[in-house]
Protein chains: 2
Amino acid sequence: MLVKDRTKYLLKLNNRLYLFNRLNKLITFLRNKKKITIKDIAEALGITPSAVSKALNDHPRISKQTKIAVKEVAKKLNYQPNNLASALRKGKSNLVGVMIPRTNSNFFSLAVEKIVERLSKEGYNVIIAQSNESFERECKNIESLLLIQVDGIIASMANETTSLEHYEKIKSKGVPLIMFDRWEDELDVDYVGIDDYKSSFLVVEHLKQQNCRRIAHIGGYKHTRIYKKRVKGFKDALKKYELPIDETLISESSLLIEDGRRIMSQLLELPDPPDAVYAAGDFAALGALQVLEEQGVQVPEDMALVGFSNETFTSLVKPSISTINQRSELIGTLAAETFLKRVDDSKWDPKLNKTMIDSELIIRNSSLKTK
Amino acid sequence: MLVKDRTKYLLKLNNRLYLFNRLNKLITFLRNKKKITIKDIAEALGITPSAVSKALNDHPRISKQTKIAVKEVAKKLNYQPNNLASALRKGKSNLVGVMIPRTNSNFFSLAVEKIVERLSKEGYNVIIAQSNESFERECKNIESLLLIQVDGIIASMANETTSLEHYEKIKSKGVPLIMFDRWEDELDVDYVGIDDYKSSFLVVEHLKQQNCRRIAHIGGYKHTRIYKKRVKGFKDALKKYELPIDETLISESSLLIEDGRRIMSQLLELPDPPDAVYAAGDFAALGALQVLEEQGVQVPEDMALVGFSNETFTSLVKPSISTINQRSELIGTLAAETFLKRVDDSKWDPKLNKTMIDSELIIRNSSLKTK
DNA sequence: AACAATAGTTCAATCGATTGAACAGATTAA
DNA sequence: TTAATCTGTTCAATCGATTGAACTATTGTT
């Protein structure tokens with residue numbers, strides 16, 4: 001009995017001490033703005049740091065009371081967990097790297113936005129890196145991302161990139177890698193993107209409906225899978241719709257404005273010029289449009305024009321440019337979800353996820369002859 | 001009992017699945033070599049981890065021989081330092097957060113590129129966050145950045161933002177904060193941006209030279225410092241160049257395309273419409289241009305037009321839009337350097353750095369009457 | 001030869017959170 | 001009454017790198 005009474009007394013004392021300490025801590029905090037750790041919370045409550053850690057992480061063996069008390073004090077002290085420490089211990093940084101060729105493109109910008117949106121819901125922080133279409137930069141970025149121990153990388157390849165070692169390196173480190181849009185077949189990774197092959201069919205079908213007979217294609221470099229697929233789709237679609245395939249009408253370039261200009265000029269000088277141009281990129285389409293305008297060629301009457309990617313400007317120029325919507329938001333969300341599936345042990349599956357979604361043709365004035 | 005048995009069975013199954021998954025992961029892991037730490041290097045050389053650490057960091061008390069040997073082994077084992085561990089110990093993550101309203105804007109995209117370029121030279125990794133002009137998102141982003149313990153934040157305010165508590169929080173945590181372009185005077189922080197006031201002078205001077213007499217201004221919201229300055233500069237410039245100030249010609253908006261359209265329409269309906277429009281944003285300028293074209297108003301003959309920011313499309317539309325180049329690259333570089341100065345203890349200076357750089361007027365067809 | 005100075009390492013604590021094992025006390029079962 | 005079970009917590013090791021103090025050879029000085 002005596003022991004019990006003494007314990008009660010001690011508890012009371014302890015409680016008083018607790019209140020006192022808490023107050024003290026608060027004052028100290030406000031005065032020196034020092035960083036609060038679980039140790040401080042533990043001290044304030046008269047328990048150990050490990051109990052605090054467990055309480056904060058909802059460990060089943062911690063009582064409800066303690067959890068509530070701990071969380072309350074944590075909030076009052078404005079506790080911010082040290083991510084570095086827990087990352088070090090858990091071997092998980094909660095950081096995901098996203099690497100894209102450029103941020104100032106409608107497609108990538110939207111996709112990234114969705115990736116961030118989805119991943120932050122799961123408590124991840126996203127690091128955005130841009131390669132500027134440069135191979136070297138891409139390598140460096142990957143180095144950096146691995147250095148800071150991201151839990152995964154979601155990437156889209158730079159145009160310049162042909163060698164894939166740096167991507168292999170990610171895989172060899174056991175870091176999940178998800179590719180979207182631009183990617184190579186040889187790279188055995190999860191993938192999300194539109195069906196480039198099918199997209200070309202949409203374009204050709206539409207142009208055929210507009211009574212176009214000779215369709216030219218301004219393509220991207222064939223070492224990149226998506227551009228190869230677009231060309232393949234283009235040719236197969238021509239076949240399907242019984243249109244002639246003329247190799248002189250098919251070109252390969254970086255798809256910049258200048259490329260569009262140069263190639264369009266060349267096409268116009270042909271003895272038998274095309275009556276429609278399908279560019280695998282909007283910038284090239286814009287370049288082509290400029291040349292057409294300069295040379296007084298009527299668009300779409302004399303020459304129909306379709307681009308690819310739905311860049312912002314396509315709806316702003318005159319005539320507005322028909323283009324393929326790659327549904328960037330959906331791709332972004334799916335890429336994020338593929339990553340989440342990959343890191344979820346309970347759903348671990350050796351099979352790779354290859355997700356192909358359907359693109360959408362946006363018909364604008366540059367290709368709409370018939371009303 | 002039956003229930004219990006079943007539970008046990010399920011647990012067993014679950015456990016087996018878990019083990020299987022783990023084994024799979026282990027195999028992958030082992031195949032790709034385990035993670036190398038300084039301990040491994042130490043073991044390989046028969047010295048202690050601390051000696052290795054010191055050798056790698058070029059500590060003066062370590063012999064040249066040892067340093068060379070350590071670095072050689074490190075390279076051979078493909079050692080990658082654990083950033084988390086060193087960050088935890090040193091209290092420095094080598095991460096810098098950059099928060100911008102949008103990535104798909106020429107200005108911000110270029111600025112960020114330069115920031116990354118400059119900071120990675122100094123061994124920093126950059127986290128890019130976009131607020132999408134949303135106040136809420138901006139707050140969340142700052143939370144995240146602080147959570148992962150960035151060494152500093154370089155930011156430009158969202159349009160929506162009027163309250164500044166979240167920025168104050170950064171400061172109160174002792175994390176260096178550098179603002180660029182969009183920023184408020186009340187916020188006592190380092191700053192880099194163009195001289196918005198002076199920029200308006202450039203525009204008015206140019207329009208006066210083009211014989212414009214009644215200049216309208218499509219302004220941004222005045223709660224944002226830069227837009228306020230542009231209006232002030234505009235009025236003062238009108239005074240200086242002895243042009244009339246007509247408040248009905250000065251408006252305030254979000255500077256979106258629609259805003260430009262709406263305001264331009266209103267201006268055209270005035271009994272005495274202006275002969276020039278100076279928009280504080282390129283998108284608004286574009287909207288205005290669309291309306292002018294639709295209504296058959298000749299640009300620049302009947303109405304000269306100048307925008308602001310040098311967005312990509314300004315040089316692509318017809319007529320190309322005159323605009324202000326904010327020298328994003330320079331701003332980016334300077335912002336990065338301001339940060340570096342701020343964290344360099346040897347150059348510690350309580351004085352805040354406010355850097356104003358001169359902008360540049362790019363004269364294009366939308367305002368060039370005389371050749 | 002004795003001692004100080006110096007170079008080159010090792011030792012041990014540390015950053016902050018996490019986690020399995022250990023332990024104490026309360027409750028229930030045998 | 002004793003043993004078994006369950007609950008709620010503490011203990012101590014750990015993640016990997018860093019760092020000042022301590023220690024041990026080695027060299028130089030007188």
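Throughout, protein chains are lettered first and strands after them, A, B, ... in sequence-line order, and every chain is numbered starting at 1.
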- Query: How long is the gap from CG on B/Leu56 to NZ on B/Lys54, to the nearest 0.5 Å?
  - Reply: 12.5 Å

- Query: Any Lys/Arg nitrogen of B/Lys39 or B/Glu43 sitting under 4.0 Å from an Asp/Glu carboxylate oxygen of the other?
  - Reply: no

- Item | Per-nucleotide protein contact string for nucleotides 9-14 of chain C (B base, S sugar-phosphate only, - none; heavy atom under 4.0 Å) | BBBBBB

- Rounded to whole angstrom units, what separation is found between the CG atom of A/Leu88 and the P atom of C/dA17? 12 Å

- Sugar-phosphate only, base, or nothing, as touched by A/Thr37 at under 4.0 Å among non-hydrogen atoms: sugar-phosphate

- Message: Output the rounded distance in Å from CD (A/Gln80) to C1' (C/dA17).
- Response: 15 Å

- Message: Taking A/Ser93's backbone N and O only, do any of them form a donor-acceptor pair with A/Asp151's side chain (distance below 3.5 Å, no angle check)?
- Response: yes

- Could you state the atom-to-atom distance from CG of B/Asn83 to P of D/dC15 in whole Å? 18 Å

- Message: Using a 4.0 Å heavy-atom cut-off, does B/Pro60 contact any base of the nucleic acid, only the sugar-phosphate backbone, or nothing at all?
- Response: nothing

- Query: Parallel, tilted or perpendicular for B/Phe108 and B/Phe180, by the 30°/60° rule?
  - Reply: perpendicular

- Message: Check B/Lys71 with B/Asp58, please: is the shortest side-chain N to carboxylate O separation under 4.0 Å?
- Response: yes

- When A/Lys64 and B/Asn82 are each assigned the nearest nucleotide of DNA chain D, the 5'-most assignment goes to A/Lys64

- N/O (side chain, B/Ser53) to phosphate O (OP1/OP2, D/dT18) under 4.0 Å: yes

- Has the side chain of B/Ser53 got a donor or acceptor atom that lies under 3.5 Å from a matching backbone atom of B/Pro49? no

- To the nearest 10°, let me know how far the axis at one end of the helix from C/dA1-D/dT30 to C/dA30-D/dT1 is tilted from the axis at the other, five pairs an end. 60°

- Task: Check whether any side-chain N or O of B/Asn57 sits under 4.0 Å from OP1 or OP2 of D/dA17, and answer yes or no.
- Result: no

- Message: Would you say A/Tyr79 places a side-chain N or O within less than 4.0 Å of OP1 or OP2 belonging to C/dA17?
- Response: yes

- Task: Please determine if A/Glu117 and A/Lys114 form a salt bridge, counting it only when a charged side-chain N lies under 4.0 Å from a carboxylate O.
- Result: yes

- Item | A/Glu122 CD: over 12 foreign heavy atoms closer than 6.0 Å | yes

- Task: Kindly say whether A/Lys341 contributes a backbone atom to a donor-acceptor pair with the side chain of A/Asp344 at under 3.5 angstrom?
- Result: no

